[in-house]
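Written below as structure tokens is the structure these notes are about.
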Amino acid sequence: MVDLDVVVVGAGFSGVYAVHAFRSAGLTVRAFEAGDGIGGTWFWNCYPGARCDVESKDYSYSFSAELEQQWSWSERYPAQPEILRYLNHVADRFELWPCIQLNTRVTGASWDASTQSWTVATSDGGSVTARYFVSAAGCLSEFQVPDLPGLDSFAGPWYHTSRWPKEGVDFAGKRVGLVGTGSTGIQLAPEIAAVAEQLYVFQRTASFAVPNRNRPWEEAEEVAFKSRYREYRDEARRSFLGVPITGTGRPVLSEPREDVQRLFTERWQAGGGMPFLGAYTDLLVSQEANDVVAEFMRDRIRETVLDQDVAELLCPRGYPVGAKRLCQSDEYYAMFNQPNVSLVDIRSAPIESVYPGGVKTAADSYELDALVFATGFDALTGALFAMDIRGASGLPLRSAWATGAQAYLGVAAAGFPNMFIITGPGSPAVFSNVVLSIEQHVEWVRDCIVWLRSQGYTTIEPAADAQSAWMSHVSEVAGATLFPRADSWYVGANIPGKPRVFTSYVGGCGPYRAKCDQVAAAGYEGFVLGGAAES
Ligand SMILES: Cc1cc2nc3c(=O)[nH]c(=O)nc-3n(C[C@H](O)[C@H](O)[C@H](O)COP(=O)(O)OP(=O)(O)OC[C@H]3O[C@@H](n4cnc5c(N)ncnc54)[C@H](O)[C@@H]3O)c2cc1C
């Protein structure tokens, strides 16, 4: 006798919707969440300045028209506390709490072929059996602290942005070191600089950042927009990024120079990364085209930052714009004009050690009262590998993916029957408006389970050849773009020893959705189905 139909790991956007969708389909479900609240990314990353860089009207659930109409976002780009309130509102509104167990980490899950079920072990010493095991553990949830000699000896407090104290941190009058200048570091730095005596920004790689131009979402604008929300969502689902973007439809290299400058300037003034890089068709496929947009952005840095030596150091070089996650900030570059902010180049003089009073680089020492790491995540696979997942014949997921993650359609892995991964490797997730990608995966998995039941099947697992064909396609599509060309978390370059593989599908959300639907319509083509009743 199996305890549950489905066990879900995690209660962020994915887990919360999975609980609702599976339960609404008549399945028994329980989600285990390691944190003491729901929200995932927006529960853990509560550092000052944390904000979504996809607009609120896009970065929200589309499954309920009533929810869409009734919830009101206050700003164009929502800040972390508001997104967290939204997710709690969703859990209240759809009465999801009885199916969510907080403060409970899934430590392992193993497939039992004899009972055709998963046994899921949890940190409270318990275990539960389920027909299906669904990971909603997040693409960016396993955080990383660099292995710096002497960190344990540091006399002051140190923080990682993804485990920020709920009660906040007072940096007033403090000398603070910030390590990490990706999306998070760029959001946080101006907040620290506003209060700290001195902020040292330790930069290994300069990031490209476009302005947000954040502003309140006015009521009249909201009412007008919401009158066609359903049509807009349909467009979003068919779009490339999960957000409808209007581009010129032409390559930048074929455009007159003045027109290019005019359009980039307009989009720079309007704010937002997706419309900016979506302006022309070749920006992410041709290095020469990418150089045009890169130089436009470097010019904006030079005109913002007064000290030209600092500006040059802030100018990103050596990788294409967009091949690392494009950052968004209205304040980051201008912050370097403040007298209490120093940029420290740790590319030419790396951090050698941490000592009780601060940080020593190959060139100098910096006396610090507090240290902050905005050093990101073991993306895509980190949270999966943190669990001891064992598939058919006890095969550990870690071994199956030793040379790189492999998942058919980015949602299921060969050798792991009845296991699904929401926004898994091989899907477009991190290259999209993730909430829409989450909904698409959850609904596809729900429909799959319902169909299996209706047909009398008890197991499903990708065929190895279908999986490798999909991953070859993922790699081929990526190879035609500039995305794999940077040392980014997209390729695992931030994690020592991680195989360098680009596993995200960059062929577009719309085409990806169509492919998933086609596989389903063909009776889950490419999957091996088991246990069907004799027809
Ligand atoms: C700082 C930051 C900013 C971001 N900004 C954007 C943005 O602007 N736009 C965008 O589209 N995306 C953004 N993202 C990506 C974001 O992660 C997704 O948009 C989305 O929130 C992911 O939801 P999720 O539920 O899949 O994963 P998560 O939100 O990561 O939730 C996973 C949950 O699973 C839990 N968990 C993990 N392992 C276990 C376990 N073994 N047992 C129990 N629980 C477990 C975690 O505690 C976590 O609560 C951002 C990510 C970060 C980190």
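Remember, it's a predicted structure, so these values are computed and weren't measured experimentally. Both ligands and their constituent atoms are indexed starting at 1 by order of listing.
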Run the contact test for [X] against ligand 1 with a 4.0 Å cut-off on heavy atoms, strictly below, and give the result.
| X | result |
| --- | --- |
| Y47 | yes |
| S183 | no |
| I438 | yes |
| T104 | yes |
| R325 | yes |

Which segment of [X] sits under 4.0 Å of ligand 1 when only heavy atoms are counted:
| X | result |
| --- | --- |
| V435 | neither |
| R105 | both |
| A136 | backbone |
| W44 | side chain |

Could you tell me if [Y] and [X] have a donor-acceptor pair between their side chains, going purely by distance under 3.5 Å?
| X | Y | result |
| --- | --- | --- |
| R93 | S64 | no |
| S432 | S437 | yes |
| K324 | T205 | no |

With respect to atom 9 (N) of ligand 1, which of L436, L384, D36, V54 exhibits the smallest heavy-atom separation?
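Of the listed residues, V54 has the closest heavy atom.
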Y505 and W470: aromatic ring centres closer than 6.0 Å?
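Yes.
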Aromatic ring proximity, centroids under 6.0 angstrom, F431 and F502:
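Between F502 and F431, the centre distance is under 6.0 Å.
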For the 3.5 Å polar cut-off, considering only N or O atoms, please tell me whether A34 and ligand 1 meet it.
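Right, the criterion is met.
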Only heavy atoms of M387, strictly under 4.0 Å: list the atoms of ligand 1 that pass.
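By the 4.0 Å cutoff, the relevant atoms are 41 (N).
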